[in-house]
Amino acid sequence: MRITIFGATGGTGKQLVEQACAAGHQVTAVVRDPAKVAFEHPELAVVRADVMDPADIRPHIAGRDAVISAIGSPNAKSPTTVQTDSTASILEAMGETEVRRFLVVSNSGMITDGDGALTKHLVKPILWRFLKHPWTDMVHMEEVVRASSADWTIIRPPMLTEGPRTGRYRTAVDRTVRGGNKISRADLADCILRNLSEKTAIHTAIALAN
């Protein structure tokens with residue numbers, strides 16, 4: 001497939017780029033600073049563009065089979081709209097170029113459907129106090145995605161680690177993975193790429209965890 005990836009210089013984005021190229025996909029990584037992409041591959045094109053400007057990213061989305069966003073909020077200490085605004089910009093450019101398939105990384109921490117009582121009523125309310133800014137941004141981002149006309153899939157990981165790619169993890173649709181509190185970035189990338197062409201994943205939110 002021909003894939004455009006945003007957030008390619010982050011931990012998950014790097015895994016996405018490398019795994020997608022290894023799988024034979026033609027990858028365009030849209031970044032602010034191409035110098036931060038050390039990975040090289042015949043199927044990889046690295047381009048500079050401002051994700052917040054639909055006109056700037058439109059040429060790098062046109063003609064693609066799918067778009068992936070692994071953009072994350074910069075920190076947890078201040079209010080942010082990075083994910084909401086970047087996603088809205090990407091979806092606008094996709095609509096203008098008639099590209100429909102969109103996968104975006106969110107978070108399972110803000111979701112309680114499927115959780116046990118302890119996690120639902122104690123653990124996650126505490127986490128909300130510390131992560132309210134990025135999680136609020138993700139909540140709004142998901143609202144933008146759901147309101148779009150794209151063939152979207154939201155991927156919701158728990159805490160991310162730097163562990164290896166195993167391909168062995170649990171998933172749940174439109175709810176959390178009960179008792180699942182971590183996943184490696186490599187396995188997150190694996191899950192995203194597995195669902196690229198999965199029609200049953202369209203218009204669903206998929207949680208994953210070890």
Side-chain angles (χ1 to χ4, degrees), residues 1-62 64-78 80-94 99 101-107 109 131 133-135 137-138 141 144-145 152-165 182-196 208:
M1 296 177 70
R2 295 163 296 175
I3 306 168
T4 294
I5 298 175
F6 293 89
T9 58
T12 300
K14 290 177 181 177
Q15 286 288 337
L16 278 167
V17 168
E18 294 180 16
Q19 291 185 32
C21 288
H25 299 298
Q26 296 178 17
V27 178
T28 299
V30 180
V31 298
R32 288 180 296 178
D33 183 2
K36 291 185 177 180
V37 181
F39 180 73
E40 295 182 359
H41 193 279
E43 298 296 339
L44 174 63
V46 180
V47 299
R48 184 198 305 272
D50 180 2
V51 69
M52 299 301 183
D53 183 352
D56 202 25
I57 61 176
R58 191 185 304 134
H60 311 301
I61 288 177
R64 274 38 172 207
D65 299 305
V67 177
I68 302 172
S69 175
I71 293 173
S73 297
N75 62 68
K77 296 181 180 180
S78 303
T80 178
T81 59
V82 167
Q83 286 184 276
T84 302
D85 294 345
S86 62
T87 297
S89 177
I90 292 167
L91 288 168
E92 181 176 337
M94 289 178 64
V99 175
R101 190 72 177 107
F102 180 58
L103 298 93
V104 61
V105 177
S106 185
N107 188 284
L131 298 170
H133 295 311
W135 283 9
D137 189 15
M138 290 181 199
M141 177 272 288
V144 169
V145 171
W152 54 264
T153 300
I154 297 168
I155 306 292
R156 294 173 172 162
M159 182 178 71
L160 296 172
T161 73
E162 301 304 324
R165 177 187 183 184
K182 62 181 180 179
I183 192 73
S184 70
R185 296 179 186 278
D187 273 339
L188 170 56
D190 179 270
C191 180
I192 294 168
L193 294 173
R194 285 188 185 190
N195 283 285
L196 265 179
L208 71 157

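Numbers here simply count residues along the sequence, with the first being 1.
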Participant: Hey, are the side chains of W152 and V144 touching, using non-hydrogen atoms and a 4.5 Å cut-off?
Facilitator: no

Participant: Taking the side chain as every heavy atom from C-beta outward, state whether V17 and V46 have any pair of such atoms under 4.5 Å apart.
Facilitator: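 The answer is no; the side chains never approach within 4.5 Å.
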
Participant: Run the salt bridge (Lys or Arg N to Asp or Glu O under 4.0 Å) test against R32 and tell me which residues pass, sequence neighbours left out.
Facilitator: none

Participant: Applying side-chain hydrogen bond (donor to acceptor under 3.5 Å, both in side chains), name anything that partners T81, two or more places apart in sequence or on another chain.
Facilitator: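 So T81 forms a side-chain hydrogen bond (donor to acceptor under 3.5 Å, both in side chains) with D85.
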
Participant: Show the nearest heavy-atom pair for residues A62 and V99, with the distance to one decimal.
Facilitator: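 So the two residues come closest at CA-CG2, 4.5 Å.
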
Participant: How close do A186 and P164 get, counting heavy atoms only, and between which atoms?
Facilitator: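 Closest approach of A186 to P164: CB-C, 3.8 Å.
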
Participant: Got a sec, which residues hit side-chain hydrogen bond (donor to acceptor under 3.5 Å, both in side chains) with S106, two or more places apart in sequence or on another chain?
Facilitator: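 For S106 the side-chain hydrogen bond (donor to acceptor under 3.5 Å, both in side chains) partners, ignoring immediate neighbours, are E142.
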
Participant: Identify the heavy atoms of A76 and P134 that sit nearest to each other, and give their distance.
Facilitator: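 In this case the closest contact between A76 and P134 is CA-CD, 3.8 Å.
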
Participant: Quick one: side chain to side chain contact (heavy atoms under 4.5 Å, CB included) partners of T80, sequence neighbours excluded?
Facilitator: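 Listed in chain order: S73, P74, V82, D137.
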
Participant: For V51, is there any backbone N or O sitting under 3.5 Å from a side-chain donor or acceptor partner on S89?
Facilitator: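 Indeed, once roles are kept as given, a pair shorter than 3.5 Å links the two residues.
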
Participant: Among residues at least two apart in sequence or on other chains, which ones pass salt bridge (Lys or Arg N to Asp or Glu O under 4.0 Å) with R48?
Facilitator: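 R48 satisfies salt bridge (Lys or Arg N to Asp or Glu O under 4.0 Å) with no other residue.
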
Participant: Do you know which two heavy atoms are closest between L208 and C191, and how far apart they sit?
Facilitator: CD1-CB, 3.7 Å

Participant: In chain order, what residues pass the side chain to side chain contact (heavy atoms under 4.5 Å, CB included) check against A49, with sequence neighbours excluded?
Facilitator: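 A49: side chain to side chain contact (heavy atoms under 4.5 Å, CB included) contacts with V30, D56, I57, H60.
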
Participant: D53: which residues meet the salt bridge (Lys or Arg N to Asp or Glu O under 4.0 Å) condition with it, sequence neighbours left out?
Facilitator: none

Participant: What residues, two or more places apart in sequence or in another chain, satisfy salt bridge (Lys or Arg N to Asp or Glu O under 4.0 Å) together with R101?
Facilitator: none

Participant: Is any side-chain heavy atom of I183 closer than 4.5 Å to a side-chain heavy atom of L160?
Facilitator: yes

Participant: Scan for side-chain hydrogen bond (donor to acceptor under 3.5 Å, both in side chains) pairs involving residues 7-19, sequence neighbours excluded, and state none if there are none.
Facilitator: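 Passing the test, one end in residues 7-19: T12-R185, Q15-Q19, Q19-R165.
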
Participant: Which residue, Q83, H133, R156, forms the side chain to side chain contact (heavy atoms under 4.5 Å, CB included) with M138?
Facilitator: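 So the option named by the test is Q83.
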
Participant: Taking atom CG of D65 and atom OG1 of T4, what is their separation to the nearest 0.5 Å?
Facilitator: 9.5 Å

Participant: Please round to the nearest 0.5 Å and tell me the distance separating atom OG1 of T87 and atom CZ of F6.
Facilitator: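 T87 OG1 to F6 CZ: 10.0 Å, rounded to 0.5 Å.
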
Participant: Side-chain atoms of residues 20-28: list all donor-acceptor pairs with protein atoms under 3.5 Å, sequence neighbours left out, distances to 0.1 Å.
Facilitator:
residue, atom, partner, partner atom, Å
H25, ND1, M1, N, 3.0
T28, OG1, R64, NH2, 2.9

Participant: To the nearest 0.5 Å, what is the distance between CD1 (I90) and CE (M52)?
Facilitator: 8.5 Å

Participant: Roughly how far, to the nearest 0.5 Å, is the CD1 atom of I155 from the CG atom of N107?
Facilitator: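 N107 CG to I155 CD1: 12.5 Å, rounded to 0.5 Å.
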
Participant: Roughly how far apart are D190 CG and N195 CG, rounded to 0.5 Å?
Facilitator: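 These two atoms lie 9.5 Å from each other.
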
Participant: Starting at CD1 of I71, measure out to OG1 of T84 and round the result to the nearest 0.5 Å.
Facilitator: 11.0 Å

Participant: Using atom types as modelled, flag every donor-acceptor pair under 3.5 Å from a side chain in residues 33-42 to any protein atom, sequence neighbours excluded.
Facilitator:
residue, atom, partner, partner atom, Å
D33, OD1, A35, N, 3.1
H41, ND1, E43, N, 3.0

Participant: Between L193 and I68, does the side-chain contact (heavy atoms from CB on, under 4.5 Å) criterion hold? Intermediate values first, please.
Facilitator: CA-CA 9 Å; L193 294 173; I68 302 172; 4.2 Å; yes

